[in-house]
2 protein chains.
Amino acid sequence: MINKSGIFSKSCSHALKAATFVGKKGLENKSVKLKEIAEEINSPLAFTAKILQKLVKANIIESIRGAKGGFFVSQEKLRQISLKEIVFAIDGEGSYNGCALGFEKCNASKPCALHFQILPIREKLKETLINTSLEDLARAVGENTTFLKE
Amino acid sequence: MINKSGIFSKSCSHALKAATFVGKKGLENKSVKLKEIAEEINSPLAFTAKILQKLVKANIIESIRGAKGGFFVSQEKLRQISLKEIVFAIDGEGSYNGCALGFEKCNASKPCALHFQILPIREKLKETLINTSLEDLARAVGENTTFLKE
DNA sequence: AATAATTAAGACAAAAATGTCCGATTTAAT
DNA sequence: ATTAAATCGGACATTTTTGTCTTAATTATT
Ligand code: FES
Ligand code: FES
C-alpha cells in the first residue's frame, strides 16, 4: 500500500533485501549467516530471522542448520525466482491483484471508482515483479550499482 | 503498500470513496450527511467521520455543522482537487515518493536494489494521481460506470 | 560424547493502524 | 429559549503489523 515507506510493507522490503543479499553471496556459491544478513540489510536480527524462515518455507532460499550453517540460494534458483515469488511469500496471494478500493475482488464487470486509473499501474507492477529475477537484483548489488542500506 | 487490499491503505481507500461520493452529490450542488456517506461507501460510521474530518481540515471538502448539516464540495473544488491531494491528506507527504525498500529518501545517487524497477511505476502512479480530478471519479460514479461498493 | 555455533519455533511485547464511544459544539426549526 | 439534528474532538478499544526473547533442534568440530 502507499504509505510513508513507499509501495511495499516493511516485512516485504526486508524480505526483498534479505533475499537479494543471500543471492549476492549465492552468485559466488557462498552461504551467509543470519547475523551478517541482518547487518547488511540494516534490519533487526530477530525480525530478519522470522522473514528468512518464511522465505525458506516458500522454497525461495534454503537454510543450513547447525554450526557452519546459514542461508543459501543456488545460482539456478537465483535465475528461477522472480520478485513476484518473494512478494507472494510475504504478503500472501493476490497481493498486487487486489482492488485499489478494497473490493473483495477486482472485477472489471463491477469496477470500483479507481479501477480504470489503477489497472494499468498494477499491470505494469505485476509485469515488473514477474520479469525481474532475484539474480537481476543480486548482480546489481554485487556490482555496487544499487544498494541494500543507506 | 502492496497488501491484500491492494495499493492503498484502508483509510486512504475510504477517503477516496467518501470524497467521490460527496463529489457526486456536489455535481448537483447537494450536501450529504455522514450517515448516508458511510452507507454508500460501506465503511463504519465513526471511522468514516474521522476520515471526513481529515478531508475537511485538508480543505478538500467542507462541512456544514448543525441541523441540516452535512458535507459538501463545490463544483469548482471538484475540478481543482486531484487524487494526489486526497492521498496526501490521509497518508501524509511523500507517500508515493518514498523508497520501495524503506530508505529515508529515494535517492538516485544511492539507489536501492529496486530503484530502477520501481521508479517508472511510481512515476506513472504519481502522474495518474495528479492528472485525475475528483470530478473525474465523481462523474463516472454518477453515470454508474464505476462503483463505490460491491 | 561433549561442546559450540547455528537455525527453528513459539510465546510474548510494542507500535501502528483501524475502529468505537461519548460529550461538546453548532445550527435550524419550533 | 428549547429542542432536535448534525458535525467536532478527544479518549478509548481492537486488530494487525512489527519486533523480541527464550528454548529446542541440528550439525561441525574436538
Ligand atoms: S475493481 Fe477496484 S481496482 Fe478493479
Ligand atoms: S532509492 Fe529505493 S526506490 Fe529509489
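- Contacts of A:L45 with the nucleic acid, taken as non-hydrogen atoms under 4.0 Å apart, are absent.
- Atom CG of A:D91 and atom C1' of D:dT18 are 13 Å apart (whole Å).
- Inter-residue side-chain proximity for A:S9 and A:D91 is flagged as met; some heavy-atom pair is nearer than 4.5 Å.
- Between B:I51 atom CD1 and C:dG19 atom C1' the separation is 10 Å, expressed in whole Å.
- We find that NZ of A:K35 is positioned 18 Å from P of C:dA4, with the value rounded to whole Å.
- When each of A:G70 and B:P44 is assigned the nucleotide of DNA chain C bearing its nearest heavy atom, the one mapping closer to the 5' terminus is A:G70.
- B:K54 comes within 4.0 angstrom of nothing in the nucleic acid, heavy atoms only.
- If you check the side chains of B:S82 and B:S133, you find no donor sitting under 3.5 Å from an acceptor.
- Between B:K10 and the phosphate of C:dG19, there is a side-chain N or O to OP1/OP2 separation shorter than 4.0 Å.
- Considering CD of B:E104 and CD of A:E150, their distance stands at 6.0 Å, rounded to 0.5 Å.
- The CZ atom of A:F47 sits 14 Å away from the P atom of D:dC21 (whole-angstrom rounding).
- Put simply, CD on A:Q53 is 14 Å from C1' on D:dT26, counting in whole angstrom units.
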Write out a two-atom table: protein N or O, nucleotide N or O from nucleotides 1-5 of chain D, distance below 3.5 Å.
from  : atom 1 : to    : atom 2 : distance (Å)
D:dA5 : N3     : B:A67 : N      : 3.2

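- Side-chain contact between B:V141 and B:F21: absent, with no pair of heavy atoms (C-beta onward) separated by less than 4.5 Å.
- Here D:dT16 presents its C1' atom at 17 Å from NZ of A:K50, a figure rounded to the nearest Å.
- Near DNA chain D, meaning a heavy atom under 4.0 Å from it, residues 14-29 of chain A has A:H14 in order of number.
- Nearest-nucleotide mapping onto DNA chain D: of A:R65 and A:A46, the residue sitting toward the 5' end is A:A46.
- For B:S63, the listed nucleotide lying nearest its side chain is D:dT7; candidates were D:dT20, D:dT7, C:dT20.
- Counting any heavy atom pair closer than 4.0 Å across all strands shown, B:I64 reaches sugar-phosphate atoms only and no base atom.
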